[in-house]
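Start at 1 with the first residue, then count along the sequence.
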Amino acid sequence: MDWIKFCSDFTASDGKQHALLDNLNQELSQKSVLLGDGFKLSAADNDVFATVHPFVIRVSDSELQKYPHVLRWMDYIQNTVGAGTTLQKINVTKSDFDPPSHPRKADKKDAESSSKKAISVQKTADKSNGSADSKKSTREPPENKENPTAAGNSKTSGEKKKVQEKSAGKTTEKAPEKIADKESECDISILNIQVGLIRKAWKHPSADSLLVEEIDLGDGNVRQVVSGLAKYCSPDDLTNRHVVLITNVKPGKLRDVMSAGLVLCASTEDHAAVEPLIPPEGAKIGERISFAGFDGKPEDVLNPKKKQLDKITPHLRTDENGIAMFKGVPFTTSAGPCRSSIHNGNVK
């Protein structure tokens, strides 16, 4: 919670970022990471990295030298698999290390030992080859007692070999493709998740449990989305609210009203509380949510028959601090991670 407060102070404190960065530098002077052992990055490290990155990337190199421990920590995170790989890398100057070369001199005993081993190996190889040649020469070729094409042999040996090769080819060629397809369908990068602003909201004309929202994605791109939020939010609660939504779901009608998106919400296990995810203050309307380590391109439109969302949503959750996560990786914007007041909840 201390680091969540740090993130909040850092984004809200205009002009005080250098002082907060100095505090972070002192904190990291005696430790490698903020929390945990560093083998698996903590939510605190991920969140603070995503929060300070937009500021650090704009600071001059001379200024950055004042924060050596912060630079070392950020360099470790951005070069760790599955963390920080979608953000622009921070250039960290490192001194070259060229260790002196001191080859060990082989003494007389080592030389004699190596020579004896080489002679022994050569003798063994010669003996093996001689034995094999002897056996090969004394073995008589088998008589061809049967015609390979006679009754009882439906295929020649050549045909059998072709069948075996063809069968093996099917197994070795198609199996990796199926595995790759299965993994890509569970990769969150196929989703186009964006920050939007609800301009208007109203009750669905024929369904009490549904609301209709008009969501601005910037550059004149406005979507109409139908959400099952009537039980938890009023239209006034949603108006002028920033939300996180999937924009490449296949458009379709919900109770005769067209919907072209899916607003992502956090909920408790019993669904007693449900609320839309909250992008951080300063996140740009229309920007795509990124996930460190998942930098693929989104599909134009999801295929409902593949049930891709059904495979991804079980991995969407909020952590103990309310940070929205996919497999432990935060929903990240240019201004920091997305959150919810619902901790350890489901996201869909």
>> Would you say the ring centers of Phe6 and Trp3 fall short of 6.0 Å from each other?
In response: yes

> Taking the inter-plane angle between the rings of His53 and Phe49 on a 0 to 90° scale, is it parallel (under 30°), tilted (30 to 60°) or perpendicular (over 60°)?
Replying inline: tilted

> If every non-hydrogen atom of Ile342 is compared with every non-hydrogen atom of Ala273, which pair is closest and at what distance?
Replying inline: CD1-O, 3.6 Å

> Which heavy atom in Asn346 sits nearest to a heavy atom in Thr268, and how many Å separate them?
Replying inline: ND2-O, 4.4 Å

> Which atom names give the shortest non-hydrogen contact between Leu71 and Leu64, and what distance separates them?
Replying inline: CD1-O, 3.4 Å

> So, for Val33 and Leu28, which heavy atoms are closest and what is the spacing to 0.1 Å?
Replying inline: C-CD2, 4.2 Å

> Between the side chain of Asp45 and the main-chain N/O of Leu34, is any donor-acceptor distance below 3.5 Å?
Replying inline: yes

> Do the side chains of Val212 and Tyr232 join up, straight or via other hydrophobic residues, at under 4.5 Å, putting them in one cluster?
Replying inline: no

>> Keeping Thr318 on the side-chain end and Gly345 on the backbone end, is there a donor-acceptor pair under 3.5 Å?
In response: yes

>> How about CD on Gln26, more than 12 heavy atoms from neighbouring residues, nucleotides or ligands closer than 6.0 Å, or not?
In response: yes

> Any donor and acceptor pair, going by atom type alone, linking the side chain of Gln17 with main-chain N or O of Phe10 inside 3.5 Å?
Replying inline: yes

> Under a 4.5 Å side-chain heavy-atom rule over Ile, Leu, Val, Met, Phe, Trp and Tyr, are Ile193 and Val263 clustered together?
Replying inline: no

> Looking only at heavy atoms, which two atoms of Asn25 and Val70 are closest? And how far apart?
Replying inline: OD1-N, 3.2 Å

>> Restricting to non-hydrogen atoms, name the atom on Leu254 and the atom on Ser259 that form the minimum distance, rounded to 0.1 Å.
In response: CD1-CB, 4.3 Å

> What about the rings of Phe326 and Phe331, do their centers lie closer together than 6.0 Å?
Replying inline: no

> Would you find more than 12 non-hydrogen atoms of other residues, nucleotides or ligands less than 6.0 Å from Asp37 atom CG?
Replying inline: yes

> Okay, side chain of Arg199, backbone of Glu213: is any donor-acceptor separation there less than 3.5 Å?
Replying inline: no

> Do the side chain of Ser62 and the main chain of Ser60 share a donor and acceptor less than 3.5 angstrom apart?
Replying inline: no

>> Would the distance check show the side chain of Thr247 and the main-chain N or O of Asn192 forming a donor-acceptor pair, the cut-off being under 3.5 Å?
In response: yes

>> Has Arg317 got a side-chain atom pairing as donor or acceptor with Asn344's backbone, closer than 3.5 angstrom?
In response: yes

> Where does the angle between the aromatic ring planes of His18 and Tyr67 fall among parallel (under 30°), tilted (30 to 60°) and perpendicular (over 60°)?
Replying inline: parallel

>> A quick test of your reading: do over 12 heavy atoms of other residues, nucleotides or ligands sit less than 6.0 Å from NZ of Lys203?
In response: no

